Structures are given as structure tokens and as C-alpha cells.
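Structure, as C-alpha cells:
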Amino acid sequence: MATIWKALLLRRDEPASQSVSKAAAVSAGICLGFGLLCAAILVATYYLGAAAGMADRYSFQFAFHFIPAAISHITYGHALDFTAYEAVREVFYREFASGRFDAAFQAATALGAHAQDKGLYFIQNDKGGVLYAVLAFRLFGMAPASLYDLFFLVLAISAAIFIGAFARSPARLFLLACLLLAFFVLAVPLQSDVHNIAGFHGQRALSMLGVVPLLHLLCAAGEERLTPGIALAVIAQGVILVFVCFIRSSNVWAFALLALVTAFVVLQIRHDAALRGHARRRRFGAVLAPLVVALLCLLALNAYKSAAFNPRYFSDFITDRVAWHNAYLSTSLDERLRDVLSAKQPLAVGDDYVFRSLENFLAARGRKGELDAIVARKNSEVPSVYAVSGYDRLVREMYLTAWTEHPFLMIRHYVYAKPKLMLRELITMTQPAEAASSRNSLGVENPRGYRPLGLYASLTLLAALALLFLSGAAFRAHEVLSVAALALGTQIPWISVYPFFYAVPESFLGLTFAFYAAAGLALAYFCARPSQGAPGGRARS
């Protein structure tokens with residue numbers, strides 16, 4: 001074990017063998033404690049969300065897209081080709097919009113032979129949510145709570161794999177505890193529906209399920225060698241990460257982040273003169289394995305899409321969420337930029353802003369017929385989707401034109417306006433109950449209010465007590481790199497493309513995780529520092 005343990009926990013007059021055995025026993029006890037702490041946090045988070053009513057509701061995206069497709073498959077035997085019966089979707093959404101969640105299931109499953117009367121509905125959003133709903137209903141029954149239960153089942157499985165793989169690493173188990181504490185803190189703000197999140201299992205919150213697998217892959221890249229146990233755990237977490245990416249396509253940022261961290265570590269190994277021959281090759285294999293597994297899982301997902309999706313998705317309909325539409329949508333949150341791009345028309349924040357802006361953009365250039373052709377095809381072919389590949393190409397042209405015509409405003413938007421909006425939202429989410437605003441950053445009514453400041457205070461005390469057990473544990477540079485990468489990586493979606501309200505849960509999760517992990521790293525450093533005999537001395541565990 002680390003020399004830090006020998007210095008902090010053992011007396012100088014003890015024999016070396018006794019010192020080592022006692023250090024190993026203490027380390028095993030700490031690991032067991034952190035494993036139990038992780039399990040306790042998961043259970044507490046589940047019941048906190050359930051007590052707030054999360055399990056009894058679901059988001060608009062599930063009601064409009066995914067659940068009708070799952071009912072079409074499970075109840076009416078429709079092929080799992082990620083489409084729904086239009087009649088099922090209409091009935092289900094009508095009841096959902098009236099607030100009758102349970103009645104929506106009853107009405108949609110009682111159509112009988114009339115379920116096929118109106119043809120198929122094609123899903124334009126992330127289609128993986130259909131598979132999520134099908135799995136939830138198959139495992140837990142056809143009810144809103146099933147979607148909530150599946151979220152925690154996937155989270156618990158990924159956490160269990162992490163604990164099993166790093167059962168002898170107090171530092172890494174501590175990082176998992178920090179991450180699960182962040183989920184616990186989020187149980188309060190996610191009680192509100194102001195961003196159409198509707199709890200942990202809202203479509204915009206499902207991306208959080210990919211954070212534990214990604215942390216595992218980042219930590220695994222720091223192993224000295226690739227063992228069968230490590231390989232199996234990496235494969236399992238890679239499958240979960242790709243499953244989450246299927247549910248929420250914005251999670252592709254995880255693969256880019258993993259590639260960047262892997263490249264950084266590979267460069268370090270190449271410049272490490274102490275590694276030679278077989279040892280260097282073994283180290284390279286351990287570093288590259290998580291990235292290779294993740295990319296192979298991504299290729300397998302693409303093959304599954306090709307085999308399972310309705311063939312119409314591959315004609316003139318894009319198979320995943322549009323990208324340029326979301327990039328342009330984010331400009332609607334910047335008042336100065338919005339006034340210029342929309343010709344000072346009072347366009348509201350939302351998808352309609354992009355469509356109306358595109359109308360103005362094409363009309364000013366005498367090309368309005370191009371958009372009319374797309375809308376005509378929508379009405380004449382498949383009623384539920386645009387020919388969005390053509391639509392998104394036009395939005396891309398409009399977005400790039402904004403950069404050429406208003407470069408300074410666009411730069412200001414990304415370096416000032418977007419960070420300001422996200423910061424304001426995160427401050428709102430950490431206000432105490434008596435100071436919580438009744439409206440969020442978009443001016444949408446928020447009757448519940450975001451109130452997790454008290455949780456921050458109480459959990460900080462809990463974390464500090466847990467961190468006392470880590471005062472002798474040695475954090476390696478790779479653990480620090482993993483924390484920094486994950487905290488920054490969770491900010492990529494809203495920084496690069498998405499409007500901030502699409503990524504609030506994931507962003508808040510990453511920052512809260514960084515808060516606890518940084519506290520642990522600082523405490524471990526300063527507690528261990530006097531025993532090292534020199535400032536900043538570290539040891540490998």
C-alpha cells in the first residue's frame with residue numbers, strides 16, 4: 001500500500017510485515033465503507049425523488065414520442081422499428097395534456113383494431129427513448145413509475161460495476177461517492193418541470209446516466225495493465241454509455257472527451273523514460289482499451305439502427321436529432337443577437353423562432369420557395385416529420401451567415417451571453433427556499449422553486465466526515481485528471497451547440513461532482529502533506 005499509510009497510520013516501532021497487513025486491513029475497511037455509502041446514497045436519492053412525486057409523471061417527449069411507440073409495440077404487436085401508431089399517439093397525448101397520466105395508458109391500450117386506423121407516426125427526436133420505454137414497461141409494468149425505476153436500475157448497475165472493478169481503490173470509490181452525492185443534490189431542483197425535465201427520467205435528464213460509465217472508463221485508462229476483470233467491466237460500462245447515447249444523442253461529447261484524455265495519457269507514456277519494452281506495451285494496452293471498447297460499442301449501435309429503424313428514416317428523414325437547428329436556437333436566448341437576426345421581430349424563445357427566422361432569411365434572398373417545398377413534402381408524405389435533412393441544411397446556411405455578418409455578436413454570444421445565462425440558472429438552483437425566484441431564467445413560472453442550498457450545506461458536512469477516512473489515501477494524477485475532464489466535459493453540450501436549458505441537469509451534476517471531489521482532493525492533500533516531509537509529496541496507491 002502507499003507509503004502515506006505507513007507514515008500516517010502505523011507506529012515506527014512496528015515490524016514492516018505487521019505494518020503492511022494493518023495498512024491493507026484499514027484500506028479494505030475504507031473501501032467497504034465507501035461501497036456501503038454509495039449504496040445508501042442511491043437508496044436515499046431514489047426515495048427522495050419518489051417522495052417528491054417524480055415517479056408519477058413523465059416528460060412531454062416521452063408522452064408525445066416514446067411511450068406511444070412502446071405501447072404500439074407491446075400492446076398491439078407493432079414491430080420495434082421506432083415508429084408509433086398515429087391513433088395511439090393522439091389518444092395518449094390528449095389524456096397526458098389533460099393531466100390524466102394513468103388514464104393515458106388506459107385509453108391508449110384500449111383501442112383494439114382501431115389502433116392502426118391512422119397509419120404510422122415517425123419520431124423526429126432521439127429515437128432511443130422508445131427502447132428505454134419498452135425496457136421499462138417490460139421490466140416493471142406499463143405505468144409512469146416504470147420509467148423512473150429503470151433510471152435507477154441503470155444507475156445502480158453502472159455504480160455496482162464501478163465498485164466491483166475498483167474495490168481496492170479508496171480514492172476512486174470516493175470519486176463515485178461524490179458523483180452519487182451530486183445525484184442526491186439534484187433530486188430537489190429536478191422536482192420542478194420548468195425546463196420540461198419532469199424528474200430524473202425526463203428525456204433531458206437521461207444524459208446523466210452516462211456520467212458514471214464515463215468516469216469508469218476515464219479511471220480505467222489509468223490502470224497499469226489490462227486484466228480480464230478490468231476488460232469485462234470496461235465492456236459493460238461501454239455498453240451502458242452507448243445505450244445512453246442512443247437515448248440522448250447529445251452524449252456523443254463523452255466519446256470526444258474520452259479520446260482527448262486517452263491522447264493526453266498516451267503522450268505522457270511516450271515521454272516516460274521509466275517505461276520500456278513489455279511494460280510500455282502493457283501500459284498502452286490498458287490506456288487504449290476503454291476508448292477502443294467505446295468506439296466498437298458505438299459501431300454496434302449504428303449497425304443496430306440500420307437493421308431496426310423503419311426504412312423511411314433513411315430516405316429523406318434524418319435518423320437523429322437535428323444539429324444546426326439547436327445551434328441557431330441558442331441565439332434566441334441572447335437579446336442583442338436575437339434582435340439583429342430576427343430583424344427586430346418579437347419572436348419568442350423556442351423552435352418556432354428558428355423556423356420563422358429561416359422564413360425571413362430565405363424571403364430576404366428571394367428563396368422562400370425552398371422552405372415551402374419542405375413544408376409541402378411534410379404535408380403530402382409523412383405528416384409527422386419534416387424532410388429535416390433539407391431543413392437542417394438551410395438552417396446551417398443561416399447560422400454560418402450569422403457568423404460572417406455579425407462575427408462580434410456571435411463571439412459575444414458564446415463567451416459572454418451563454419455562460420451568463422447558465423451561471424444565472426445555476427445560482428437560481430442553489431438559492432435557499434425563501435429567496436428562490438418564482439420564475440426561472442426563461443421567465444417561466446416555477447411554483448416549486450429550486451431549493452438545494454440546505455442540501456449543499458448538510459451534504460458538505462457529510463462529505464467532510466467521509467473525507468476524514470481518506471486523509472491518508474494517495475490520489476494519483478490520473479484521478480485528478482478524471483475529475484477535471486468530467487466536470488468540464490459535462491459543460492460541452494451547452495457551450496458548443498445546445499441552449500443551456502437542454503443541458504441544465506448534466507451541467508449541474510458535473511459541477512456538483514467537481515465541488516465534492518475538489519474538497520476531497522484538497523483535504524487528502526493537506527492531511528497527507530505533513531507526513532511526507534516535503535510540500536506536495538505524493539505517493540502511488
Side-chain angles (χ1 to χ4, degrees), residues 46 49-50 52-154 193 196-206 209 243-244 246-248 304-305 307-313 317 319 321 382-385:
Y46 175 87
M54 285 187 191
D56 299 324
R57 62 182 188 268
Y58 41 90
S59 65
F60 159 82
Q61 289 94 340
F62 269 95
F64 199 80
H65 301 292
F66 309 138
I67 295 177
I71 292 175
S72 299
H73 172 65
I74 295 173
T75 303
Y76 300 107
H78 178 55
L80 186 57
D81 65 351
F82 298 85
T83 64
Y85 287 133
E86 176 65 23
V88 174
R89 188 199 63 81
E90 285 185 358
V91 170
F92 189 91
Y93 186 70
R94 182 174 64 243
E95 298 295 331
F96 168 83
S98 301
R100 298 187 290 269
F101 296 163
D102 290 329
F105 284 91
Q106 296 172 6
T109 55
L111 292 175
H114 297 290
Q116 304 180 34
D117 287 353
K118 296 186 177 181
L120 295 180
Y121 170 80
F122 287 76
I123 298 171
Q124 187 170 317
N125 286 346
D126 295 319
K127 300 167 186 61
V130 176
L131 183 58
Y132 181 94
V134 168
L135 289 175
F137 297 153
R138 291 290 193 191
L139 291 172
F140 303 108
M142 198 167 290
S146 300
L147 302 170
Y148 181 81
D149 291 344
L150 182 59
F151 180 93
F152 280 92
L153 177 62
V154 175
D193 295 337
N196 194 24
I197 294 170
F200 286 112
H201 57 298
Q203 190 216 15
R204 291 175 183 169
L206 289 178
L209 285 174
F243 172 66
V244 177
F246 187 30
I247 298 169
R248 187 71 173 154
Y304 171 73
K305 289 180 181 180
F309 280 3
N310 187 293
R312 290 303 304 271
Y313 285 123
F317 306 116
T319 57
R321 178 182 290 274
V382 180
S384 57
V385 274

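Along the sequence shown, residues carry numbers from 1. In this text, all values refer to a predicted model and were calculated from it rather than measured experimentally. Hydrogens, waters and symmetry mates are skipped; everything else that's a heavy atom, side chains included, is used.
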Closest non-hydrogen contact found for F246 with D126 is O-CB, 4.3 Å
Residue pairs passing the side chain to side chain donor-acceptor pair (under 3.5 Å) test with at least one member in residues 131-154, sequence neighbours excluded, are Y46-D149
Rounded to the nearest 0.5 angstrom, the CZ-CZ distance for R248 and F243 is 14.5 Å
Closest non-hydrogen contact found for A103 with E95 is CB-OE1, 3.9 Å
For H65, the ring pair (Phe, Tyr, Trp, His ring centres under 6.0 Å) test, sequence neighbours excluded, returns Y121
Closest heavy-atom pair, A143 versus F137, reported as atoms and distance to 0.1 Å, is O-CE2, 3.6 Å
Only one of F96, F92, Y93 passes side chain to side chain contact (heavy atoms under 4.5 Å, CB included) with P68, and that residue is F92
* Answer yes or no: is there a donor N or O on one side and an acceptor on the other, between the side chain of S72 and the main chain of Y85, under 3.5 Å? => yes
Those residues at least two apart in sequence (or on a different chain) that pass side chain to side chain contact (heavy atoms under 4.5 Å, CB included) with N310 are D81, T83, L120, F122, R312, Y313
CZ (R94) and CZ (R89) are apart, to the nearest 0.5 Å, by 10.5 Å
Partner of I67 under side chain to side chain contact (heavy atoms under 4.5 Å, CB included), picked from L147, V134, V88, V130, is L147
The ring pair (Phe, Tyr, Trp, His ring centres under 6.0 Å) partners of F200 (sequence neighbours excluded) come to F151, F152
query = Is there a donor-acceptor contact under 3.5 Å from the side chain of H73 to the main chain of A79?
reply = no
Show every donor-acceptor pair shorter than 3.5 Å between a side-chain atom in residues 106-116 and any protein atom, with sequence neighbours excluded, or say none if there are none.
from: T109; atom 1: OG1; to: F105; atom 2: O; distance (Å): 2.7
from: T109; atom 1: OG1; to: Q106; atom 2: O; distance (Å): 3.2
from: H114; atom 1: ND1; to: D117; atom 2: OD2; distance (Å): 2.9

Heavy atoms of H201 and M54 approach each other most closely as CE1-O, 2.9 Å
Closest heavy-atom pair, G129 versus F62, reported as atoms and distance to 0.1 Å, is O-CE2, 3.9 Å
Taken in chain and number order and not counting sequence neighbours, the residues that satisfy side chain to side chain contact (heavy atoms under 4.5 Å, CB included) with L139 are L150, L153
Tightest non-hydrogen contact, residues I247 and L206, listed as CG2-CD1, 3.2 Å
